[in-house]
Number of protein chains: 2
Amino acid sequence: MFTTYSAMHPKTEAFEPGLQELSLFAKSLAHPARMAIIELLARRKSCYSGDIAQELPLQRSTVAQHLQELKKLGLIKGSIEGQYVNYCLNPDVLRHYTQSLEQWLTQIKLEQSENRIDHNNCWT
Amino acid sequence: MFTTYSAMHPKTEAFEPGLQELSLFAKSLAHPARMAIIELLARRKSCYSGDIAQELPLQRSTVAQHLQELKKLGLIKGSIEGQYVNYCLNPDVLRHYTQSLEQWLTQIKLEQSENRIDHNNCWT
DNA sequence: GGAGTATGTCGTAAACATACGACATATTAT
DNA sequence: ATAATATGTCGTATGTTTACGACATACTCC
């Protein structure tokens, strides 16, 4: 489940699958348009493809491309209603990735505070 | 603070600053090498530049480039120790972005479960 | 059937990311 | 001084992302 890693740069496969998966999720969030789409779908009930495009400062075809990116990980799904397409979040997939990421972030914070040492003379 | 948005695609500026910031953080995590570096720095005490490169399946110059990316947001900092450079996480900055992202993810989950409606006839 | 609308895909230009080797610089050891 | 080591930057090749307009397809309403 959740393992269709394609269109990645050469060396990404050399890393742990867990990190690959997480970084792909991060990639989905790595554009404000896609975060805005997720916000929209979380907030609204009727999320026709056209409505989404109208809410964003992008052309329809560009939005379609961002929707593709989200579909690639399965974060969103859609149902055809006549000539319209109603998009919505895929709760299960979203939960999966969200939990993994939150867990990772928590782990980082934990280990980091344990190993805390003084780093004087640091430049940012 | 935390507002040096540069080197972005044309339309990213058209979105809310909050989303821009978050998506930049997501971008920093959007490569397994950078997540691995963060893991390493969280776990270890001595994180010389060379040690980092040796732990990753990448050439030194490539690792340096990923370190640059993390420096760009201020997620890491380093101190010069003779001929070595000791890298470490920047706890404040990391906490800032982590909290923002976790908050956003929580918000999404909340709103999404409130507005839950049936979506039959969905294709993934 | 034919006009109008909604949607997705294709081609393409520009920008960005990734990965590497080669080079420059600074520090330590001989 | 000279050699060795550590580090960062530059140039560059390749691949990916972003953004758009144009096109093709499918559904609705007359």
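Hydrogens, waters and symmetry mates play no part in the numbers below; they use all other heavy atoms, side chains included. Note on naming: letters A, B, ... go to the chains in the order of the sequence lines (proteins, then strands), and numbering restarts at 1 for each one.
Side-chain N/O atoms of Tyr48(B) include none lying less than 4.0 angstrom from OP1 or OP2 on dT27(C). Regarding contacts with the backbone of dA19(D), a side-chain N or O of His66(A) is found under 4.0 angstrom from either OP1 or OP2. Taking side-chain N and O atoms only, Ser49(A) has a distance below 4.0 Å to OP1 or OP2 of dG8(C). Taking only side-chain nitrogens and oxygens, Tyr87(B) comes nearer than 4.0 Å to OP1 or OP2 of dG8(D).
With hydrogens and angles ignored, no donor-acceptor pair under 3.5 angstrom links the side chain of Gln83(B) to the base of dT7(D). In terms of polar N and O atoms assigned as donor or acceptor, the side chain of Gln65(B) never comes within less than 3.5 Å of the base of dA17(C) in a complementary pairing. At a cut-off of 3.5 angstrom, counting only N and O atoms as typed in the model, there is no donor on one side facing an acceptor on the other between the side-chain of Glu69(B) and the base of dA17(C).
To the nearest angstrom, P of dT5(C) lies 10 Å from OH of Tyr84(A). Atom CD in Glu13(A) sits about 11 Å away from atom P in dT16(D), given to the nearest Å. Between the CG atom of Leu24(A) and the P atom of dT18(C) there is a distance of 12 Å, rounded to whole Å. Per the geometry, NZ belonging to Lys11(A) stands 8 Å off P belonging to dG21(C), to the nearest Å. Distance, Ile52(A) CD1 to dT7(C) P: 9 Å, rounded to whole Å. Summarising the geometry, the separation between CD on Gln68(A) and C1' on dT9(C) is reported as 9 Å, rounded to the nearest angstrom. A straight line from CD of Glu81(A) to P of dT28(D) spans 11 Å, rounded to a whole angstrom. Ile76(B) places its CD1 atom 9 Å from the P atom of dG8(D), with the value rounded to the nearest Å.
Partners of Tyr84(B) under the ring-ring contact (aromatic ring centres under 6.0 Å, His included) rule, at least two apart in sequence or in another chain, are Tyr48(B). Shown here are the side chain to side chain donor-acceptor pair (under 3.5 Å) partners of Gln103(A), two or more places apart in sequence or in another chain: there are none. By the side chain to side chain contact (heavy atoms under 4.5 Å, CB included) test, Gln68(A) pairs with Lys71(A), sequence neighbours left out. With sequence neighbours excluded, the residues satisfying side chain to side chain contact (heavy atoms under 4.5 Å, CB included) with Pro57(A) are Ala14(B), Phe15(B). Applying the side chain to side chain donor-acceptor pair (under 3.5 Å) criterion to Glu55(B), with sequence neighbours excluded, gives Arg44(B). Shown here are the side chain to side chain donor-acceptor pair (under 3.5 Å) partners of Glu102(B), two or more places apart in sequence or in another chain: Lys109(A).
Shown for residues 25-35 of chain A: residues whose heavy atoms fall under 4.0 angstrom of DNA chain D, namely Lys27(A), His31(A), Arg34(A). Annotation: proximity of residues 54-63 of chain B to DNA chain C (heavy atom, distance under 4.0 Å) is found for Leu58(B), Gln59(B), Ser61(B), Thr62(B), numbered in ascending order.
Nearer to the 5' terminus of DNA chain D, by closest-nucleotide assignment, is the contact made by Asp51(B) (compared with the other of Asp51(B) and Pro10(A)). A residue-by-residue look at Phe15(A) and His9(B) shows that His9(B) has its nearest nucleotide of DNA chain C further toward the 5' end.
Under a 3.5 Å cut-off, the side chain of Asn90(A) and the backbone N or O of Leu75(A) do not form any donor-acceptor pair.
Taking the side chain as every heavy atom from C-beta outward, Cys47(B) and Asn86(B) approach each other to under 4.5 Å. Between Met8(B) and Leu24(B), the closest side-chain pair of non-hydrogen atoms falls below 4.5 Å.
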Using atom types as modelled, flag every donor-acceptor pair under 3.5 Å from a side chain in residues 29-39 of chain B to any protein atom, sequence neighbours excluded.
{"from": "His31(B)", "atom 1": "ND1", "to": "Ala33(B)", "atom 2": "N", "distance (Å)": "3.0"}
{"from": "Arg34(B)", "atom 1": "NE", "to": "Ser28(B)", "atom 2": "O", "distance (Å)": "2.8"}
{"from": "Arg34(B)", "atom 1": "NH1", "to": "His66(B)", "atom 2": "ND1", "distance (Å)": "3.0"}
{"from": "Arg34(B)", "atom 1": "NH2", "to": "Lys27(B)", "atom 2": "O", "distance (Å)": "3.1"}
{"from": "Glu39(B)", "atom 1": "OE2", "to": "Trp104(A)", "atom 2": "NE1", "distance (Å)": "2.8"}

